[in-house]
Amino acid sequence: MERGISVKFLRFLHQELPVWQAKGLVTPQAALGILDLYSVRRRSFARILLDTGAALLGLAAISVVAANWMTMPRALRMGLIIGIYSLTLVVACLNEKSAPQLSQALRLLAAMIFGGGIFLAAQMYHQGGRWFTAFGWWALGLGPAVLIFRDSRQMYVLQAAALMYLGGDGAFFLAEGGATPPMFGLLLVTLIWGLWLPQRKNLGIFNVNVALTLLFIFVNFLRCSNLASGLLAFFVLGLALQGAGGKSGEGWRDTLPAWGALLTGGAGLALSVPEVWRELSFLLPLDGAMAQGERVTRFLAAGAAALTAFVMSLRLYRGAPLGGVFIALLIARYFLDHFFGFMSKAAVFAALGLLFLVAGLEWERRSLEKRRNGNKEA
């Protein structure tokens, strides 16, 4: 049975197999067998057609209902919504084995119909409340279908609805009092992790779940504290995650250090802005001396930048390019902000340039060492 791979990896095999033959690692017959085992993984045109058809049918159903909305009795409206949703799921179940791609498309259609039905029902019964509450019910209602079918595309729809709910206008627009109720949000976060457990090998779902969880924690942290405290907490959490994971063989666990680097780098970059520290009023002098308070915030911001640069340098030294990305972002921030007015920019850039050169040389040395050790073992 052929295994699907990307064009890039197939090209790599064509380039490297002659080298392996020359070194006696594989025989010509084995090389041909390896190439026969793989084929380029191509996008299914049938799946594209089915997904497009399902989306168009969903739009058609919504358009028919919307065009006759005011003339329909309320009971008929609800019956249409529930009936179309139920019929779509039944047809998807009946075609699960005979036409799996059609079944997936129909499940995706059902998820969209369910969400549209929630908004229409809220309009029919004149339900008030915040606009994002409907997204929360949409995500919660999709849970049983995702658990039964274990369909990743349905799960992504659920996560998108959860994003709108967990963010709300409190996260997206920073409006006062716009954050979502924490208990319902906690229930939703628990749901997405529970639905991920049967699909542990899906790194996409895992990474979106992590992002949603961090958003939920951050939004609710800001309710009872301030931005600087939240960023400090995320900085420490990032440091802890960088020490977790490693090469455990479990894909999701191996991504934890990368998430830690993102948290540490992002929080550290934000903490390098002096204005962020002004929210911590207890750090400012009691007599209200503005000059002294400005020096305190600048000192704390510089310390946060130095600590972030040190942590990211360690990441870069250990072979993680993400560390270099955040160092570059720190350089750009200070260059644009003119924060290091008391230092020569030339000296700063020269020191950082030397740091990059040393890290690059060390990285190259380790790569050569690994290659030599690999050749000796072969």
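Contact check for W252 versus N207: no side-chain heavy atoms found under the 4.5 Å cut-off. The shortest distance between side-chain heavy atoms of F135 and L166 does not fall below 4.5 Å. The side-chain heavy atoms of L212 and V189, taken from C-beta on, include no pair separated by under 4.5 Å. Two residues are said to be in side-chain contact when any heavy atoms from C-beta on lie closer than 4.5 Å; F235 and L231 fail this criterion. A heavy-atom distance below 4.5 Å is found between the side chains of W138 and V157. A 4.5 Å side-chain heavy-atom check between T264 and V236 finds every atom pair outside the cut-off.
In this view, I205 and S152, M155, Y156, Q159, W196, Q199, N202, N209 satisfy the side-chain contact (heavy atoms from CB on, under 4.5 Å) rule, not counting sequence neighbours. Residues passing the side-chain contact (heavy atoms from CB on, under 4.5 Å) test with V91 are L87, N95, L106, sequence neighbours excluded. For A30, the side-chain contact (heavy atoms from CB on, under 4.5 Å) partners at least two apart in sequence or on another chain are V26, T27.
Taken together through direct or relayed side-chain contacts under 4.5 Å among Ile, Leu, Val, Met, Phe, Trp and Tyr, V19 and L32 form parts of separate hydrophobic clusters. Residues V219 and F221 fall into different hydrophobic clusters, defined by Ile, Leu, Val, Met, Phe, Trp and Tyr side chains chained together at heavy-atom separations under 4.5 Å.
Checked against the 6.0 Å centroid threshold, W193 and F206 count as a close aromatic pair. Taking the six-membered ring wherever Trp is involved, the centroid distance between the rings of F184 and Y165 falls below 6.0 Å.
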Item to check | From CA spacing to verdict: side chain to side chain contact (heavy atoms under 4.5 Å, CB included), L237, L214 | outcome: CA-CA 11 Å; L237 177 61; L214 293 174; 4.1 Å; yes
Next on the checklist: For L188 and L191: C-alpha separation, side-chain torsions, deciding distance, then whether side chain to side chain contact (heavy atoms under 4.5 Å, CB included) applies.
Outcome noted: CA-CA 5 Å; L188 203 53; L191 173 69; 4.1 Å; yes
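Annotation: the span from L158 atom CG to L163 atom CG amounts to 11.5 Å, rounded to 0.5 Å. In this structure, the separation between CG on L322 and CG on L262 is 5.0 Å, given to the nearest 0.5 Å.
Judged by distance alone, with hydrogens and angles left aside, the side-chain atoms of W277 form no donor-acceptor pair with the main-chain N or O of F299 at under 3.5 Å. Under the 3.5 Å distance criterion, the side-chain polar atoms of S272 are matched with a main-chain donor or acceptor of L269.
What you find for G238 and L263 is that their closest heavy atoms are CA-CB, 3.8 Å.
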Which atom pairs, donor and acceptor, lie under 3.5 Å between side-chain atoms of residues 142-151 and protein residues at least two apart or in another chain?
from, atom 1, to, atom 2, distance (Å)
D151, OD1, R153, N, 3.0
D151, OD2, R107, NE, 3.0
D151, OD2, R107, NH2, 3.2

Only distances under 3.5 Å count here; give the side-chain donor-acceptor pairs of residues 306-315 to other protein atoms, sequence neighbours excluded, each with its distance to 0.1 Å.
from, atom 1, to, atom 2, distance (Å)
T308, OG1, A304, O, 2.7
S313, OG, A309, O, 2.6

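In this structure, V90 shares a hydrophobic cluster with L94, the cluster being traced through Ile, Leu, Val, Met, Phe, Trp and Tyr side chains under 4.5 angstrom apart.
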